[in-house]
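As the structure is a computational prediction, the values presented were derived from the model and not from experiment. We name chains A, B, ... by the order of the sequence lines, and we start the count at 1 in each one. These values consider heavy atoms only, across backbone and side chains, with no hydrogens, waters or symmetry-generated copies.
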Amino acid sequence: MEPLEIAKKVRDRYPSEFIEAYEHRSQVGIVVKKDRIVEILRWLHDDPALQMNHLADLCGVDYLNKKKVRFEVVYNLYSIPQRHRLRVRAQVPENDCQINSVTEIWMGANWHERECFDLFGITFNNHPDLRRVLLPDEWEGHPLRKDYPLDGGGKRWSGYEEVVEKSKKLREYDFYGLYQDPTKKAGQKDARE
Amino acid sequence: MELLWILIKIIIVFAVVMLHVMYATYFERKVIGHMQVRMGPMRVGPHGILQPIADGLKLFFKEDIIPTVADKKVFYAAPLICLISALSAVAVIPFFQGFAIANINIGLLYIFAMSSLASYGVVLAGWSSNSKYSFLGGLRSSAQVISYEIAMGLSLVGVMMLAGSLNLTDIVNAQMSSSWKIYLIPQIIGFFVFVVAMLAETNRTPFDLPEAESELVAGYCTEYSGMRFALFFMAEYIGMIIMSCLAVVCFLGGWSGPFEVPGIPFFWFLLKVYFFIFFYYWVRATLPRYRYDQLMALGWKVLIPLALFNIVLTGTIKSLFG
Amino acid sequence: MKIQYDTRKKLAERIFLIEILKGLALTLKRLFTKSVTVQYPKERKKLFPGFRGRHALIRDPNTQATKCVACMRCATVCPSRCISIRFSVDKKTRARKVNSYEIDALRCIFCGYCEEVCPVNAVVLTEEYEYSDYTRDPFHFDMDRLLKNWDEFLDKNKVDQDKYRNPFLRPRGLSLGDLPAGKRIDVPEEWTYEGQVIWKDGKAVSAKEAASE
Amino acid sequence: MPENRVESKGIVKEDIAYEPYTIAMGPQHPATHGVLKLNLELDGETVLKCTPHVGFLHRGVEKLAENLSYAQTLPLSDRLDYIASMANNVAYSIAVERLLGIEVPVRAKYIRTIVMEMARLTGHLLWLATHALDIGAMTVFLYCFRERENLLDMFEEIIGARLTTSYTCIGGVRQDITGHFLESLYAFTEDFPSKIAEYETLIDKNRIWLKRTQGVGIVTAEEAVSLGLTGPTLRGSGVDYDVRKHMPYDAYPYVDFEVPIGSKGDVYDRYRCRMEEMHQSNSIIRQCIEAMPPGPIRAEDAPDLVMPYGVQKEVAADATFSSGVIKLVKDRHRYMDGDVYVAAEVPKGELGFYFVSDGRGVPYRMHIRAPSFIHIAALSFLCKGQMVADVIAVIGSVDVVLGECDR
């Protein structure tokens, strides 16, 4: 089925949820509200004419100061039997930063949603195991948000000082404990200090 | 005088066995290397000939790390149990006519006893390390021992029946005087069971489960380092040599050969043992590893029934043809 | 395409371990074939020109200094930002003069973009790959060090600077018009746009020859 | 975590003081292919629960890409699946080209297809090597590396690097290939089927290999699709989904090849799929070599390598350096608002790039759909109820690489 037709079908079926449809480089996407997202995606997944059974990708996007609604969760769907593709973008406002989980529809969405939670701080309701996946559990902040500075903003993750202390302690067992740099005169400080 | 002669024999055998252990490691690396289109050790000496000495030195001078949570006494004892039991089994091997440190009448049983004692060392090492991987390795080892000890013992019953003795020298002499010259021909099933059990008994591929490096890191010897690790290593290779000797004595006619080599009475014996050791390496280079439960299934469901069938067959033939 | 495989075995195969014996035969055969190992410190593989190794600044044979004109293209394109250049501009001629050129080799990811974009072929990644050290300092290359790297590369590989051709100095397969003036150096016929190779009748021939036949 | 009711191997044990034996497999373990950590809860040697932990190799590629131009991000794609970096380069390039609307010249398409299939061979060879080594067949490991080394030598010849190649550029490839490369590659393809036969002699019908792989780590077609598995891992379960056929890119529409499909979805089926794929890759490479036409290797309208980001004005103002290696993009409208998701079939599965552009020379958001990430997520499903030794076999059969997973 043509992707634009699918977008039309979604609009007809869920007029209150539907915001817009667009085409870019011959790829079609629809923007919807987040409240009934599980219902919409389940319909796309189960409908015999659509059969969007492959969740190719799920990720978050942060439109800080660009759009009215700050976050979007993007579902890239593909139908292996029908061979058509559709992108569904659900808007998630900053003050209500949560959306329902789609793990009941696709088991594989589990880690995608964990990653999105980890890097954007979007909470997924009804998720079986919502923990950070790529970053340490005690990490502060969500790095892929646009207001998160590239260099980490000078903030240290908790546990950083411990590691530094430990490395200082272990330095006496280091190779450098024995090694004397012949090019350096005595009393000159090591470059690593 | 008798005692002195035994002492001299012990020293000779000990030195020879240790030399063989050293170079068994070297040849293993060379043979497997060339089978895998690479070269093996090439650095220490011409074609790496001094590699075992370098390895020994390295292991000897390495720091001996003992985990703080280990059961220390057992941790110290485990490699010694392995090594001593393996070495004491050498005592009964007849290298040529009349040359065995102890020519005892229960030689075969003695070897079984010693080789099962060696696995206690492995089990204790796994237990005392207080490490999870070591523990699993030790458990696997104990499971492996009970499945393969029996199969191996039963596979040799046929030989005992034909030779009518448990004395290893007598077994060889009985073979030479029999019409087949070697027991491989009438005992082909027993031989097959023995070879498989032999690989399993010495924890070699495809049955190297206690130390399966891709699953259990290094199994029972994960926490061992330096010389203690080397003791396990030596025990493994001595075990290989003993099992090869046993196979040669029981199935391939010991030191007998198609013709006599003047001056070297142990020529044929060594040649056959070397072939078996080569076979160990050859199998290691070729086969994947069994899974733990599959190995047990093979032991109990295939090898033990086969060995029992072999006993019945041997008994039938012996009673029919005398 | 459904894969067709049959792992059932015949009785003879089951009993006599045929497949295991085949495997053993293969390893025994390989025991007697020549090994493929390269005994590294004794023998070395010949690297292909353009191997992306240690950085160097090409020493201009006329001036004995760098060819760099401080255009900042390499520093701009570098994805890991490991190149830092300081230059001064002559107020009258508006010519730029390089004051310092530094590469932090530990930051570098060896993508080769710098040598590809350099319009005068000043910076290059040499075929030198053995330059490990015990401290970090030696990997912070300044301009003298980079020029010395080039000399060392020429000496070590006995390369004639005039004849040395690195495919990044003139990327293979680009037509002359696409290249800045500094990159229009003579290269083997095969590297030029006109001389690009295609496959014909079981061997690689240049497209020009194939067309003329 | 004491529980009173435990179910394992179909036997329910109730009302016993019970604590599962937990093992942390990794991040330093010989068989976890990098820095993967699996927390296993065992009953004897049976796995009750398997929890993968990743992120040890997280480098923040997605955040970095938001601050680098499209061309500058390309070398970072080498570091995703560092075993077959050529494939990542191609996948990244086709995604950016789709976003910018650039059509690649035919010769470049063929060259890319060749290197992509070579990358698939290197990836599959390394997979087979480590998979066999994990199951204990040590010799296969070195035989595979023998061939892989030849392929890496060819990579070195065309671009000067063996592992982190960065071979493609937006709109083509960076260097043309040479005659020596073509000839050695053709000779390799003639020889390679006999090498595959050699690996198969050692393991394909070996009874130990069959026992270790058949009936282990079974995943049905529905489960596999639901889990999001792709590539040979999905096709082993019998789902006919290959990005090269479903959404052809580069020269794949012009070549003739088949997609091997398994039936049961166990470790052995996935193994067979990849072995067949190696034959298919070999044939694709030969077809491409024979059909490759002469012509330009970079698109006319491809963006400049020195994408003026940050120092844009300074460079543009200086007229001396206006003639770059590649022409500057003339029509700026190429960089317009919009988003695309483009996937390519890399050795591990479907590697997709989701780009959001806001009209600058820098991606506003880049998301990498890394197949390894999803495959590792599926490990807890696949390993449940298996034995410790099977966990190793399953990890090997789904073929993960942690550089791609952690990004």
Side-chain angles (χ1 to χ4, degrees), chain C residues 1-3 5 7 9 13-14 17 19-20 22-23 26-27 30 36 45 47-52 69 71-73 76-80 109-113 116-117 119 125 166-168 171-175 178-181 183 190-191 193 196-199 202-207 210-211, chain D residues 68 71-76 107 139 146 149 156-157 159-161 164 166 174-180 182-183 186 198 201-202 205-207 210 214 258-263 268-269 272-273 276 289-290 292-294 296-298 305-306 308 310-311 314-315 318 320-321 323-327:
Chain C
M1 180 181 76
K2 265 268 191 283
I3 302 170
Y5 60 80
T7 51
K9 296 196 194 76
E13 286 181 347
R14 287 181 73 87
L17 312 157
E19 83 286 349
I20 289 180
K22 272 186 189 162
L26 177 73
T27 41
R30 284 285 165 264
V36 293
K45 277 174 90 167
L47 292 176
F48 288 97
F51 181 83
R52 308 203 294 250
V69 291
C71 68
M72 302 297 285
R73 289 179 78 88
T76 310
V77 79
C78 182
S80 60
I109 61 171
F110 297 91
C111 59
Y113 278 1
E116 188 171 330
V117 297
L125 293 172
N166 182 330
F168 285 100
R172 277 195 296 258
L174 290 190
S175 55
D178 287 343
L179 294 167
K183 281 198 163 334
E190 194 185 66
W191 291 14
Y193 175 70
Q196 58 184 201
V197 287
I198 56 167
W199 191 258
K203 62 177 194 293
V205 291
S206 97
Chain D
L68 293 172
Q72 281 177 319
T73 311
L74 193 125
L76 300 185
R107 184 179 171 88
T139 304
R146 183 183 58 189
E149 204 63 11
E156 185 193 317
E157 179 176 354
I159 193 64
T164 51
S166 317
R174 281 168 73 190
Q175 302 260 346
D176 203 349
I177 51 176
T178 60
H180 180 259
L182 273 187
E183 270 159 15
Y186 200 82
E198 200 167 89
T201 315
L202 283 172
K205 283 201 170 144
N206 190 307
R207 60 192 67 200
L210 293 180
Q214 282 187 331
E258 283 187 273
V259 180
I261 310 285
S263 50
Y268 189 74
D269 269 4
R272 279 307 320 166
C273 271
E276 286 301 323
I289 290 177
E290 278 158 6
M292 187 167 60
I297 56 161
R298 289 181 191 174
L305 201 53
V306 193
V311 278
E314 194 187 332
V315 173
D318 201 323
T320 326
F321 309 105
S323 61
V325 181
I326 315 162
K327 291 184 190 95

* Is chain C contacted by the side chain of D/T139, its backbone, both, or neither, given a heavy-atom distance below 4.5 Å? -> side chain
* To do: Could you pull out all residues at least two apart from C/E190 that satisfy salt bridge (Lys or Arg N to Asp or Glu O under 4.0 Å)?
  => none
* To do: Could you tell me whether a side-chain N or O of C/E19 sits under 3.5 Å from a main-chain N or O of D/R207, the two making a donor and an acceptor?
  => yes
* To do: Show your working on salt bridge (charged side-chain N to carboxylate O under 4.0 Å, His left out) between C/K203 and D/E183 and close with a plain yes or no.
  => CA-CA 7 Å; C/K203 62 177 194 293; D/E183 270 159 15; over 6 Å; no
* **Identified side chain to side chain contact (heavy atoms under 4.5 Å, CB included) partner of D/Q72 from the options C/S80, C/C78, C/P79** => C/P79
* Asked: Are any side-chain N or O atoms of D/R174 and backbone N or O atoms of C/F168, one a donor and one an acceptor, separated by less than 3.5 Å?
  -> no
* Asked: Can you check whether D/L182 reaches C/V197 side chain to side chain, under 4.5 Å on heavy atoms?
  -> yes
* Mind ranking D/K205, D/R146, D/M292, D/E149 by heavy-atom pairs under 4.5 Å with chain C and telling me who comes out on top? => D/K205
* Asked: Would a distance-only check, ignoring hydrogens and angles, find a side-chain to backbone donor-acceptor pair under 3.5 Å from D/E156 to C/F48?
  -> yes
* Structure fact -> Between the OG1 atom in C/T27 and the CD atom in D/E198, the distance rounded to the nearest 0.5 Å is 10.5 Å
* Structure fact -> Honestly, the part of D/L210 sitting under 4.5 Å from a heavy atom of chain C is side chain
* Asked: Do you know which of C/G112, C/S206, C/C111 has the most heavy-atom pairs with chain D at a distance under 4.5 angstrom?
  -> C/C111
* Asked: What residues form a ring pair (Phe, Tyr, Trp, His ring centres under 6.0 Å) with C/F110, not counting sequence neighbours?
  -> C/H55
* Go through the steps for C/W191 and D/Q175 under the test side-chain contact (heavy atoms from CB on, under 4.5 Å), then give the verdict. => CA-CA 9 Å; C/W191 291 14; D/Q175 302 260 346; over 6 Å; no
* Asked: Closest heavy-atom contact between C/I109 and D/P75?
  -> CD1-CB, 3.6 Å
* Criterion side-chain contact (heavy atoms from CB on, under 4.5 Å) on D/I297 and C/R172, from CA distance to verdict -> CA-CA 9 Å; D/I297 56 161; C/R172 277 195 296 258; over 6 Å; no
* To do: Decide yes or no for C/E116 and D/S166: does some side-chain heavy atom of the first lie under 4.5 Å from some side-chain heavy atom of the second?
  => no
* Side chain proximity check, D/N206 to C/K22, heavy atoms < 4.5 angstrom -> no
* Asked: Of the backbone (N, CA, C, O) and the side chain (C-beta and beyond), which part of C/L47 lies under 4.5 Å from a heavy atom of chain D, both, or neither?
  -> both
* Hey, what do you get for CG (D/L74) to OH (C/Y113), rounding to the nearest 0.5 Å? -> 4.5 Å
